[in-house]
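Positions are given from 1 along the sequence.
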Amino acid sequence: MNLNSRFTVVALLLLGLTAQAKTDAALLEAIAHVETGMDRKAIGKAGERGAYQVGHAAWKDAEDRLKAEGHYRFPWSKWRDATAQDMIAAAHLRTLRDRFARVGISAPTAEQLAVAWNLGFSAAQARGFRPNDYAQRVANLFHLSPTVNRQGS
């Protein structure tokens with residue numbers, strides 16, 4: 001499975017074709033696959049939107065981050081747009097990485113990132129970032145990614 005083929009080229013170009021951006025794209029593809037089976041039109045029970053099932057508050061935080069980084073802001077009303085979903089998800093993932101760094105985890109694992117995505121950072125931290133079934137499924141897909149295997153991650 002080539003997970004990166006589904007991450008929009010526009011998003012990758014905006015984020016830069018760095019090894020970190022490609023690895024993040026592979027992780028986000030695994031998240032989207034587990035969340036919705038890659039359904040960009042999905043609406044969750046609590047109002048989460050898109051393939052990655054990002055809630056309104058997380059979307060707003062990611063939108064603010066994109067603006068601070070000098071990228072285009074994708075408002076909530078654009079949630080159906082594939083590039084918007086990818087850019088917001090990538091910004092949210094960078095925010096999670098920053099939060100991990102602030103608690104002394106400079107290189108969180110795919111399982112740790114996935115459990116934080118699934119439960120929220122505070123709830124994941126309260127359980128010691130121990131992976132749940134969701135995190136294991138995401139990590140399994142992530143580790144199967146050709147991008148990850150080529151980079152040796």
Side-chain angles (χ1 to χ4, degrees), residues 1-63 65-66 69 74 79 82-153:
M1 173 184 336
N2 184 352
L3 296 175
N4 275 338
S5 66
R6 293 187 181 104
F7 199 80
T8 65
V9 173
V10 172
L12 274 176
L13 289 173
L14 288 171
L15 295 171
L17 296 173
T18 65
Q20 185 65 62
K22 290 176 185 176
T23 299
D24 284 356
L27 180 59
L28 290 170
E29 293 294 349
I31 287 170
H33 183 76
V34 171
E35 286 284 355
T36 64
M38 302 299 299
D39 182 359
R40 291 201 181 266
K41 297 177 184 174
I43 299 176
K45 293 176 186 171
E48 310 89 350
R49 298 284 197 265
Y52 307 102
Q53 291 296 277
V54 177
H56 191 266
W59 187 288
K60 178 72 172 110
D61 289 345
E63 181 185 8
R65 181 181 186 116
L66 288 172
E69 293 173 347
F74 293 93
W79 75 267
T83 300
Q85 288 182 30
D86 292 347
M87 290 295 290
I88 290 293
H92 182 57
L93 183 58
R94 289 193 303 281
T95 298
L96 288 177
R97 286 186 185 284
D98 289 349
R99 292 189 77 185
F100 273 103
R102 283 196 297 273
V103 299
I105 302 172
S106 61
T109 65
E111 291 85 353
Q112 290 172 320
L113 288 163
V115 78
W117 189 282
N118 180 239
L119 301 177
F121 189 85
S122 296
Q125 185 177 24
R127 59 179 279 135
F129 301 110
R130 283 186 325 276
N132 56 12
D133 179 60
Y134 170 92
Q136 290 296 334
R137 288 182 290 142
V138 168
N140 288 340
L141 287 172
F142 171 72
H143 292 299
L144 289 174
S145 169
T147 299
V148 174
N149 292 336
R150 278 193 301 270
Q151 293 173 357
S153 297

| Least distance between heavy atoms, F142 atom then A110 atom | CD2-CB, 3.5 Å
| said: Could you check whether any side-chain heavy atom of Q85 comes within less than 4.5 Å of a side-chain heavy atom of W79, counting everything from C-beta outward? | reply: yes
| How many angstroms lie between atom OG1 of T36 and atom CD1 of I31, to the nearest 0.5 angstrom? | 11.0 Å
| Would L66 and R94 count as a side chain to side chain contact (heavy atoms under 4.5 Å, CB included) if you check the C-alpha gap in whole Å, the side-chain angles of each, and the deciding distance to 0.1 Å? | CA-CA 10 Å; L66 288 172; R94 289 193 303 281; 3.6 Å; yes
| A30 and L141: which non-hydrogen atoms are nearest, and at how many Å? | CB-CB, 3.8 Å
| field | Minimal non-hydrogen separation, G47 against R49, with atom names | value | O-NH1, 2.9 Å
Could you list the donor-acceptor pairs under 3.5 angstrom formed by side chains in residues 116-124, with sequence neighbours left out?
residue : atom : partner : partner atom : Å
W117    : NE1  : Y52     : O            : 3.3
N118    : OD1  : N132    : ND2          : 2.9

| said: Under the criterion side chain to side chain contact (heavy atoms under 4.5 Å, CB included), I'd like the reasoning laid out for Q53 against K45: C-alpha separation, chi angles, the key distance, then a yes or no. | reply: CA-CA 10 Å; Q53 291 296 277; K45 293 176 186 171; over 6 Å; no
| said: Using every non-hydrogen atom in the two residues, find where A82 and R40 come nearest and quote the distance to one decimal. | reply: O-NH1, 3.4 Å
| Rounded distance (nearest 0.5 Å) linking atom CD1 of I88 with atom CZ of F74 | 7.5 Å
| field | Between CZ on residue R97 and CD1 on residue I105, distance to nearest 0.5 Å | value | 12.0 Å
| Shortest non-hydrogen separation from A114 to Y134 and the atoms involved | O-CE2, 3.3 Å
| task | List the steps, then state whether salt bridge (Lys or Arg N to Asp or Glu O under 4.0 Å) holds for D133 with R137. | result | CA-CA 6 Å; D133 179 60; R137 288 182 290 142; 3.1 Å; yes
| query | Side chains of F129 and E111: closer than 4.5 Å at any heavy-atom pair? | reply | no
| query | Got L93 and L113 here, is their nearest side-chain heavy-atom distance under 4.5 Å? | reply | yes
| For the residue pair A51 and M38, what are the closest heavy atoms and their distance? | CB-C, 4.3 Å
